[in-house]
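Structure, as structure tokens:
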Amino acid sequence: MPSKLNNDAISYVNQAYTLLAKDIFECTRHILDFNDAVKLHRLLDAVRKSAKNGKRILI
């Protein structure tokens, strides 16, 4: 019997694929893409640098 964690992971992947398919077929944009990931990583890098040196980082 699958654990709750496995069911949650399966549900998450199922939702992601459903959104991706909808975006493809309906020419919409509900799922994050590579550019969104790049922006998030830049934000996280700026937070780390700011925390390390105590200064604001412009992004």
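Counting from 1, the numbers follow the sequence of the chain as shown.
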What is the distance from atom NZ of K22 to atom CZ of R29, rounded to the nearest 0.5 Å? 15.5 Å

Could you state the interatomic distance from NE2 (H30) to CG (L19), rounded to the nearest 0.5 Å? 7.5 Å

If two hydrophobic side chains count as joined below 4.5 Å and joins carry through other members, does I31 share a cluster with I24? yes

Report whether I57 and L43 are members of the same hydrophobic cluster (ILVMFWY, side-chain heavy atoms less than 4.5 Å apart, transitive linking). yes

R42 bridged to D45 by N-O distance under 4.0 Å: no

Charged N to carboxylate O under 4.0 angstrom, K39 versus D33? no

Keeping T18 on the side-chain end and N14 on the backbone end, is there a donor-acceptor pair under 3.5 Å? yes

